[in-house]
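The structure appears right after this line, and notes come after that.
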There are 2 protein chains.
Amino acid sequence: MNKKQVPITHHHFPWDHPRFRSWIAVARACQLMQQTLTRALAELDIKPPHLDILVNLYRFEGITQQELARKLLVGRSNMSMLLPQLEKRGLIERRGDEKDKRVLRLSLTESGRALSEQAMEIQTAIIDKSMEDSPIEECMIVAQAMERLVGILLKDAGDPD
Amino acid sequence: MNKKQVPITHHHFPWDHPRFRSWIAVARACQLMQQTLTRALAELDIKPPHLDILVNLYRFEGITQQELARKLLVGRSNMSMLLPQLEKRGLIERRGDEKDKRVLRLSLTESGRALSEQAMEIQTAIIDKSMEDSPIEECMIVAQAMERLVGILLKDAGDPD
DNA sequence: TGCTTTTTGTTCATCGTTGTACAATAATGT
DNA sequence: ACATTATTGTACAACGATGAACAAAAAGCA
């Protein structure tokens, strides 16, 4: 068994680990997708953060800023900066809650809903094209792996913010 | 076959598309990983962008700022902002090339290499933990899907800096 | 050679994100 | 009821990322 003593590299570089390489690919994909989406949304004069907001207001009408920030994994202050912009453009409305005078309930306006639909079409087109070479089952595996990852990280972080 | 005429929703919402849902999971995972990594790297007083730079200098000694920016999918100006910081901290060196007086060749210093190794250990630990529930084969599938995606997006974008 | 175009890095203004500190309101405990 | 603690949204300073404009050097072309 002298074959056992392979030339020990002793220093395992990260890029030799399969999981590490996987993650690097994920990070690169994410970055590129963000840039591509930014360029594509330019014609609607919005950016990815705005789209994230619009999509969530589309799904969850009457949500509060706090809940929205939690869904988007950003801080409350972030919403305090972005939402007034969208409000000034007439895309969303912020109405104070009757029972809890602290919170502002958010909803899309007519034009906001229309713009959301256009933007979502753009985004969906890009995603579909980017993943057209991957069969659905593989996409599901990707989704599962990423959701497990999110679960682990959220548990460890204790959901700070 | 009257079962064929399912109640047509006619409006297919993005979140009904498997690929869309997959991508949303990827984006969330990326965002959370970024935040987790930021917190973990705080003890070394660096941030994810700095780590990306260090890792690439670790692998590709003597690279230029342009090449580095291209690998990181960021603009040249970004490197012009970050690299002087790392140079002042004595983590990297920038030497002018003899033959081409435009370019600056980058390399790690002793302490820069040491810090890089510490940082890469931290990152690898987080990644390993986040993906420990996903078997290696699934990680490979994820990597392949993401690399295909990057290929498609890069081709379409024409690699505009 | 001399002129134009391209490449490389810098500078600057702008914008999104973050964390902290803060004010207003609600919930809790005594 | 009153005081204390938590929660919700805002204001602000700091920082990273971007794109455009710029100077210097190289490459291409007449």
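Note that the structure is a prediction, hence the values are computed from the model and not measured. Letters go in sequence order (proteins before strands), and every chain restarts at 1.
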Considering only nitrogen or oxygen atoms on both sides, find all protein atoms under 3.5 Å from nucleotides 24-27 of chain D and state each distance.
{"from": "dA26(D)", "atom 1": "OP1", "to": "Lys99(B)", "atom 2": "O", "distance (Å)": "3.4"}
{"from": "dA26(D)", "atom 1": "OP1", "to": "Lys101(B)", "atom 2": "N", "distance (Å)": "3.0"}

| What nucleotide, of dT8(C), dT18(D), dG16(C), holds the atom closest to the side chain of Ser77(B)? |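 Selected nucleotide: dT18(D).
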Over how many whole Å does the gap from [X] atom [atom1] to [N] atom [atom2] extend?
X        : N       : atom1 : atom2 : answer
His50(B) : dC15(D) : NE2   : P     : 11 Å
Ile46(B) : dG16(D) : CD1   : C1'   : 15 Å
Lys47(A) : dA17(D) : NZ    : P     : 15 Å
Arg76(A) : dG19(C) : CZ    : P     : 11 Å
Leu72(A) : dT18(C) : CG    : C1'   : 15 Å
Gln34(B) : dA17(D) : CD    : P     : 9 Å
Gln65(A) : dA23(C) : CD    : P     : 19 Å

Is there a side-chain contact between [X] and [Y] in this structure, where contact means two heavy atoms from C-beta onward sitting under 4.5 Å apart?
X         : Y        : result
Ile122(B) : Leu51(B) : no
Ser116(A) : Val55(A) : no
Leu149(B) : Arg28(A) : no
Ser107(B) : Leu57(B) : no

| said: As a test of understanding, state which of Arg94(B), Arg70(B), Arg105(B) forms a side-chain hydrogen bond (donor to acceptor under 3.5 Å, both in side chains) with Gln65(B). | reply: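 Between Gln65(B) and the candidates, side-chain hydrogen bond (donor to acceptor under 3.5 Å, both in side chains) is satisfied uniquely by Arg94(B).
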| query | Looking for any heavy atom pair under 4.0 Å, which part of the strands does Thr64(B) touch: base, sugar-phosphate only, or nothing? | reply | sugar-phosphate
| task | Answer yes or no: is there an ion pair linking Arg102(B) with Asp100(B), defined by an N-O contact shorter than 4.0 Å? | result | yes
| field | Salt bridge Arg95(B)-Glu93(B), side-chain N to carboxylate O under 4.0 Å | value |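 Salt bridge present between Arg95(B) and Glu93(B).
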| Distance from Phe60(B) atom CZ to Glu67(B) atom CD, nearest 0.5 Å? | 10.0 Å
| remark: Assert: residue with more 5' nearest nucleotide on DNA chain C, out of Gln31(B) and Leu104(B), is Leu104(B)
| task | Applying side chain to side chain donor-acceptor pair (under 3.5 Å), name anything that partners Ser111(A), two or more places apart in sequence or on another chain. | result | Thr109(A)
| query | Taking only N and O in the side chain of Gln35(B), is any of them less than 4.0 Å away from OP1 or OP2 of dT18(C)? | reply |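 Yes, such a contact exists.
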| query | Can a side chain N or O of Gln66(A) be found less than 4.0 Å away from OP1 or OP2 on dT8(D)? | reply | yes
| In residues 78-97 of chain B, which ones come under 4.0 Å of DNA chain C, going by heavy atoms? |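 The answer is Ser80(B), Arg94(B).
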